[in-house]
Amino acid sequence: MINSVCGIRSTGRICTDLANTLEKQGHTVKIAYGRELVPDQFERYAVRIGKNLDVKFHCIKARITDASGFGSKRATKEFIKWVNKYDPDVIHLHNIHGYYINIEILFEYLRNCGKQVIWTLHDCWPFTGHAAFCEGMNCKRWENGCYDCPNKRDYPTSFCDRSRHNWLRKRSIFADIPNLTIVTPSKWLADLVSKSFLSRYPINVIYNEIDVNIFKSTKSDIKNRLGINEKKVVLGVAAFWTKRKGLNDLIKLSTILPREYQIVIVGLSKKQKQSLPQSVMGIEKTNSINELVELYNAADVFVNPTYEDNYPTTNLEAIACGTPVVTYNTGGSSESASYYGIAVNKGDVSAIANVVMGMKFEDKRYPRIFGEGKWLEEYCDLYYTKADETK
C-alpha cells in the first residue's frame with residue numbers, strides 16, 4: 001500500500017486495519033508512507049519513501065509553483081527500485097498527495113509493471129488541477145478542465161495558479177493504466193469520479209469501517225480530569241482544523257448553546273488553541289487512540305460541521321462509542337451519520353444548536369452495522385480477484 005502516513009489519522013489507520021486483516025490471512029503486507037511518525041505496533045509494515053528533507057523541498061516547490069505531486073523525483077525513483085525487489089502481487093494506492101511522491105514517475109511504473117492496481121480515493125485531488133476538495137466553493141471546473149482555482153490558498157497551498165496545466169498533466173499521467181480499479185468510500189465521491197477523466201476505470205464503493213474492538217463503550221474519568229463533570233459535552237474532532245472543517249462554526253455554536261453545554265475541540269494547533277474563546281475547551285493534536293475513545297465516550301453528542309468531506313471516520317468512531325452525530329449535509333458525511341445521527345443544511349449553526357438542545361442524553365445506542373468487517377471482506381475479495389488476474 002502507498003499512503004502519505006502509516007497508522008495515524010483516518011487514512012493511515014485504514015491502511016493498518018487492512019494490513020492486520022491480510023496478515024492474519026497469511027499474507028505479507030508493506031505500507032509505503034511519506035511523512036510523520038509511525039506508531040510502534042505498525043513498524044513491521046512501514047517503508048519510508050524519502051526523508052524529511054525531501055518532503056520540505058517538495059512542499060516548497062508546491063508553494064512556489066503549484067506543483068503538488070511533482071516533486072520528490074529522487075525519492076520516488078529509489079522507492080520504485082525497492083518495489084521491484086519486493087515484487088508485490090497487488091499495489092494499493094491511497095493518498096498520493098502530501099509532498100512525498102512523484103506521480104509522474106509512479107504512474108509510469110504502474111503503466112508498465114504488469115501488476116494489479118487498486119486506488120482508493122479519499123478526496124478529489126486526483127481529478128482536480130489543485131484542490132483536495134471543491135464542494136465548499138461549489139466549483140465544478142474539474143469536469144472539463146480547471147482554471148483560475150478558487151482554492152489555491154487551501155491545501156495544497158500555492159502562491160500561483162497552474163490548475164489548468166496540472167489538470168491536463170494529471171489527465172495524461174493517470175490515463176491508460178492497465179488493471180486499475182478505483183475505490184471510493186462514499187457514493188458522493190463515486191458520483192464525482194464518474195464525471196471526471198477517471199471515469200474510464202471501474203469504480204467500486206466500499207464504505208470505510210472502524211475497529212469496534214477499540215472504539216466501543218468505555219468507562220473513564222476523563223470528564224473529571226478535564227473539570228467538566230457537570231457539563232453536557234459537545235465534541236468536535238479533526239486531524240487538522242481548517243475553515244473547511246468548520247472550526248468557526250463550532251466557535252459560533254458556543255455562543256448559542258446554554259452554559260450547561262461544554263464544547264470540546266480536539267486536534268488543534270497551539271495557535272488555534274490559544275485563540276479560542278474561554279467558553280470552548282481546546283485539546284491539541286493527539287495520536288493516542290485510547291484518549292480519543294475516552295473523549296468519544298465522554299461526549300453527549302459529536303458535532304462535525306464539515307463543509308466538504310468524503311466519508312469521515314470520526315463520525316463512525318463517535319457512533320461506535322454510542323455518541324450520536326450532528327453534521328452538515330455535505331459530501332459523504334451525511335452517509336456515515338445516517339447510522340446514528342442527523343444532517344442539517346450546510347452552514348446552519350442554529351439548526352445544529354436546535355438539534356443538540358433537543359436531544360435526550362439518558363441512553364446511548366451502540367450500532368454495529370459498520371463494524372462487522374464487511375469492508376475488509378470486500379477489499380480482500382478485490383485483492384484476490386486482482387491477484388488472480390495477473391496469473
Side-chain angles (χ1 to χ4, degrees), residues 1-4 11 14-15 18-19 22 27 29-34 47 49 68-70 72 76-77 79-80 82-84 86-98 100-129 132 142-143 145 166-208 310-311 332 375-391:
M1 299 182 206
I2 302 175
N3 189 50
S4 52
T11 59
I14 286 168
C15 290
L18 285 169
L22 289 165
H27 301 286
V29 185
K30 293 295 181 183
I31 301 172
Y33 74 103
V47 176
I49 299 174
S68 175
F70 297 103
S72 303
T76 305
K77 288 177 181 178
F79 170 62
I80 296 302
W82 178 88
V83 176
N84 279 318
Y86 183 67
D87 194 24
D89 296 305
V90 178
I91 297 174
H92 188 170
L93 310 179
H94 288 269
N95 274 347
I96 57 171
H97 55 80
Y100 74 100
I101 199 164
N102 185 286
I103 59 173
E104 205 159 28
I105 295 171
L106 174 64
F107 275 78
E108 183 62 23
Y109 165 76
L110 296 176
R111 185 174 288 108
N112 298 294
C113 68
K115 307 293 184 182
Q116 295 295 330
V117 182
I118 299 169
W119 190 3
T120 296
L121 273 57
H122 297 284
D123 53 43
C124 305
W125 185 87
F127 53 84
T128 72
W142 52 269
E143 292 185 11
N166 291 340
W167 186 89
L168 291 169
R169 202 170 174 186
K170 285 181 182 179
R171 185 179 64 172
S172 175
I173 290 169
F174 299 153
D176 303 319
I177 306 299
N179 306 315
L180 171 62
T181 297
I182 288 177
V183 174
T184 67
S186 67
K187 293 178 182 177
W188 166 78
L189 187 56
D191 181 60
L192 297 189
V193 176
S194 70
K195 298 174 183 176
S196 77
F197 54 68
L198 294 175
S199 62
R200 69 189 73 189
Y201 298 111
I203 304 169
N204 294 1
V205 177
I206 300 179
Y207 284 120
N208 294 334
N310 185 0
Y311 192 75
W375 76 300
L376 295 172
E377 293 177 7
E378 290 177 311
Y379 268 119
C380 287
D381 287 345
L382 199 55
Y383 288 146
Y384 298 145
T385 300
K386 287 294 179 183
D388 289 342
E389 287 176 1
T390 60
K391 296 179 181 178

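A search for ring pair (Phe, Tyr, Trp, His ring centres under 6.0 Å) contacts involving W188 returns nothing, not counting sequence neighbours.
Note: H92 and Y379 meet the aromatic proximity criterion, with ring centroids under 6.0 Å apart. For an aromatic pair to be called close, the ring centres must be under 6.0 Å apart, and F174 with W119 satisfies this.
Heavy-atom minimum distance, S194 versus S199: O-CB, 3.3 Å. Counting all heavy atoms, side chain and backbone alike, L189 lies closest to C124 at CD1-SG, 4.1 Å. Taking each heavy atom of A175 and R111 in turn, the nearest pair found is O-NH2, 2.8 Å. The minimum heavy-atom distance between I177 and Y201, with the atom names listed, is N-OH, 3.0 Å.
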May I have the step-by-step check of side chain to side chain contact (heavy atoms under 4.5 Å, CB included) for F70 and N166, ending in yes or no? CA-CA 10 Å; F70 297 103; N166 291 340; 3.9 Å; yes
Steps toward salt bridge (charged side-chain N to carboxylate O under 4.0 Å, His left out) verdict (D191, K187): CA-CA 6 Å; D191 181 60; K187 293 178 182 177; over 6 Å; no
Might you work through the side chain to side chain contact (heavy atoms under 4.5 Å, CB included) test for V29 and M1, ending with a clear yes or no? CA-CA 8 Å; V29 185; M1 299 182 206; 4.0 Å; yes
Walk me through it: do I173 and E108 pass the test side chain to side chain contact (heavy atoms under 4.5 Å, CB included)? CA-CA 8 Å; I173 290 169; E108 183 62 23; over 6 Å; no
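Proximity of Q116 to Y383: side-chain heavy atoms (C-beta onward) are nowhere separated by under 4.5 Å. Two residues are said to be in side-chain contact when any heavy atoms from C-beta on lie closer than 4.5 Å; I14 and W375 meet this criterion. The closest side-chain heavy-atom distance from L192 to E143 is not below 4.5 Å. Using a 4.5 Å heavy-atom cutoff, the side chains of W125 and K170 are in contact. Annotation: side chain of V90 is not in contact with side chain of H27 (no heavy-atom distance under 4.5 Å). In this structure, the side chains of I101 and T76 come closer than 4.5 Å at one or more pairs of heavy atoms. I49 places none of its side-chain heavy atoms less than 4.5 Å from the side chain of S72. Side-chain contact check for N208 versus N310: every heavy-atom pair is 4.5 Å or farther apart.
Here the CG atom belonging to N95 is positioned 12.0 Å from the CD1 atom belonging to I2, to the nearest 0.5 angstrom. From K30, atom NZ reaches atom CD1 of I91 across 15.5 Å, with rounding to the nearest 0.5 Å. Remark: F107 CZ to S172 OG distance equals 12.0 Å, nearest 0.5 Å. Summarising the geometry, atom CD1 belonging to I182 is positioned 6.5 Å from atom OG belonging to S196; distances are rounded to the nearest 0.5 Å. Note that CG of L382 and OG1 of T181 are 5.5 Å apart. Values are rounded to the nearest 0.5 Å. Taking CD1 of I203 as the start and CG of L198 as the end, the distance is 8.0 Å to the nearest 0.5 Å.
A side-chain donor-acceptor contact under 3.5 Å links H97 and D123.
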